[in-house]
Amino acid sequence: MSKQPEQAVSTGAAFATRAVHAGHAPDPQTGAHVQPIYATSTFSYGTAERGARLFAGEESGYFYSRLSNPTVRAFEEKVASLEGAADAVAFGSGMGAASAIALTFLKSGDEVAFMGPLYGGTEGLLRGILGRFGVTVHDAADLNDLKRVVNEKTRLVWLESPTNPTLRVVDLNAAADIAHAVGALVVVDNTFSTPYLTRPLELGADLVMHSATKYLSGHGDVIAGVVAANADLSAELRLHGLRHVGSVLGPFEAHLLLRGMKTLPLRMEAHCAGAHALAEVVKDHPAVQAIHYPGLPQHPGHDLAARQMNGKFGGLVSLDLGTQEAAWRFLNALKLFTQAVSLGDVESLSSHPASTTHQLLGEETLARQGVTPGLVRLSVGIEDAADLIGDVRQALEAGGRPH
Ligand code: 4LM
């Protein structure tokens with residue numbers, strides 16, 4: 001799909017410059033400074049001959065918004081620029097992106113390996129649906145286990161880092177080497193890190209996906225997904241995963257994403273600083289049995305995260321308060337952290353993964369993956385850190401006392 005207006009920014013520009021400018025330039029016809037919202041399902045191709053050429057892929061241009069739309073295209077180009085990818089394909093949700101990857105690149109007899117936990121919906125797709133189509137799925141405990149389960153039938157190795165919700169840091173470079181040794185493609189769900197912290201393609205990944213609902217949008221007002229990859233994989237994904245499956249992003253959502261992504265570096269700095277400050281303060285609280293934050297030196301993935309996440313550690317902090325009762329009392333006592341699933345919003349959010357986002361995995365899998373009944377996930381927003389720390393402190397005090 002060709003970009004109509006000339007690019008506003010060179011690939012050599014710094015990340016913050018590309019976050020603002022990549023994907024769109026003033027509209028050549030009107031001079032509109034912001035990428036217009038092209039609210040149109042279809043595009044006139046003028047002549048039958050041109051229509052045939054467009055459908056045959058002999059000429060590039062817009063002809064139907066399920067395949068491409070200028071507002072959506074600007075979002076795709078911005079993501080591709082930030083991930084250092086040749087191209088990107090937008091989807092109607094993160095799960096739309098994940099299922100498009102599965103439907104595009106897997107066939108019966110193939111195998112998939114992943115290092116859990118992954119987001120509960122992704123594990124639901126891999127464990128619950130792919131088996132029905134003759135795909136075998138392996139859940140690897142660590143890199144050694146990954147090496148053990150991959151074989152010549154492994155087509156995809158699916159990774160998240162840090163993991164949702166346990167914030168385990170996965171060595172993407174090492175995992176990619178293991179996958180590539182058997183000819184598998186590496187999918188990295190980069191939702192938690194964002195390209196501001198980690199660019200998985202530079203570490204060997206083949207496909208980088210996002211729930212763009214989260215940090216890319218940043219404002220909790222859109223559901224969206226995207227996959228960045230090289231030109232060939234993107235073209236395959238666009239043809240099969242988008243055109244023939246149809247989880248399409250709308251132009252209004254693309255507009256919100258374009259607006260949100262301009263401030264991605266600023267927001268990520270604030271999320272990381274707030275989460276780090278919170279983790280430092282609450283780590284020694286007597287009600288906290290375990291804390292998962294890669295920024296703390298005692299976190300097993302701290303050194304790796306320092307290398308792999310651009311010296312920052314993300315905006316999520318998970319606390320283990322021992323029991324579901326203590327976790328729920330704590331959540332019910334929070335005032336600033338809204339109790340809601342999702343993450344990466346400028347507003348702080350809190351959740352209990354074992355009974356919400358990850359519930360369908362079942363007790364045995366949750367226990368094995370460390371998604372304990374006492375675990376709470378905090379998505380630290382960009383509010384004043386002292387206010388957030390105060391809120392968590394008072395909820396920890398209240399959480400200690402059943403009422
Ligand atoms: C949540 N997460 O955790 P859509 N990949 C990751 C995710 O965290 C999510 C998705 C994909 C949560 C939603 C309720 C790492 C979602 C799926 O929700 O389909 O955009 O993304 O709270």
Side-chain angles (χ1 to χ4, degrees), residues 75 79 83 89-102 114-129 156 158-170 172 187-195 197-198 200 205 207-228 241-242 245-250 253-254 256-257 260-261 271 292 309 314-318 331 337-345 347-361 366 369 371 375-381:
F75 165 64
V79 172
E83 287 288 2
V89 185
F91 294 92
S93 68
M95 287 315 302
S99 54
I101 291 172
F114 72 93
M115 275 174 68
L118 302 175
Y119 166 58
T122 311
E123 282 207 40
L125 167 70
L126 300 184
R127 291 176 188 275
I129 296 183
L156 297 180
W158 205 296
L159 307 164
E160 265 179 31
S161 185
T163 52
N164 183 357
T166 53
L167 304 177
R168 173 159 72 141
V169 184
V170 175
L172 299 179
V187 182
V188 173
D189 185 331
N190 201 26
T191 300
F192 272 43
S193 281
T194 82
L197 303 183
T198 305
L207 296 146
V208 178
M209 66 155 279
H210 284 270
S211 169
T213 311
K214 312 296 180 337
Y215 288 110
L216 295 189
S217 139
H219 295 74
D221 50 11
V222 68
I223 296 281
V226 66
V227 182
L242 187 64
V245 180
S247 171
V248 176
L249 186 70
E253 285 74 14
L256 291 172
L257 287 156
M261 284 177 69
H271 287 297
H292 306 286
M309 297 177 73
L316 275 297
V317 179
S318 293
L331 288 165
F337 283 78
T338 306
Q339 276 200 73
V341 296
S342 203
L343 55 106
D345 191 334
E347 293 174 36
S348 291
L349 301 173
S350 59
S351 69
H352 181 248
S355 60
T356 59
T357 46
H358 292 69
Q359 187 197 118
L360 288 177
L361 298 182
L366 291 178
Q369 295 186 343
V371 188
L375 196 77
V376 295
R377 190 186 73 186
L378 300 174
S379 173
V380 178

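Just so it is clear, the structure is predicted and the values come from calculations on it, not from any experiment. Ligands are counted one by one from 1 in listed order, and the atoms in each one are counted from 1 as well.
Listed by first and then second residue, the side-chain hydrogen bond (donor to acceptor under 3.5 Å, both in side chains) pairs that reach into residues 117-127 are Glu123-Arg127, Glu123-Gln369, Arg127-Asp139, sequence neighbours excluded.
Taking Arg168 as the reference, nothing meets the salt bridge (Lys or Arg N to Asp or Glu O under 4.0 Å) condition, with sequence neighbours excluded. For Ile129, the side chain to side chain contact (heavy atoms under 4.5 Å, CB included) partners are Leu125, Arg132, Phe133, not counting sequence neighbours.
Side-chain contact between Pro165 and His292 is absent, with no heavy atoms from C-beta onward closer than 4.5 Å.
Between Ser211 and Thr191, the shortest heavy-atom distance links the atoms N-OG1, 2.8 Å.
A side chain to side chain donor-acceptor pair (under 3.5 Å) with Glu83 holds for exactly one of Thr194, Asn190, Thr198; it is Asn190.
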Need the list: ligand 1 N/O atoms against protein N/O atoms, distance under 3.5 Å, rounded to one decimal.
from     : atom 1 : to     : atom 2 : distance (Å)
ligand 1 : 2 (N)  : Lys214 : NZ     : 3.1
ligand 1 : 3 (O)  : Asn164 : ND2    : 2.9
ligand 1 : 3 (O)  : Arg377 : NH1    : 2.8
ligand 1 : 3 (O)  : Arg377 : NH2    : 3.4
ligand 1 : 5 (N)  : Asp189 : OD2    : 2.6
ligand 1 : 8 (O)  : Asn164 : ND2    : 3.0
ligand 1 : 19 (O) : Gly94  : N      : 3.1
ligand 1 : 19 (O) : Met95  : N      : 2.9
ligand 1 : 20 (O) : Gly94  : N      : 2.9
ligand 1 : 20 (O) : Ser211 : OG     : 2.9
ligand 1 : 20 (O) : Thr213 : OG1    : 2.6
ligand 1 : 21 (O) : Ser211 : OG     : 3.0
ligand 1 : 22 (O) : Ser342 : N      : 2.7
ligand 1 : 22 (O) : Arg377 : NH2    : 2.8

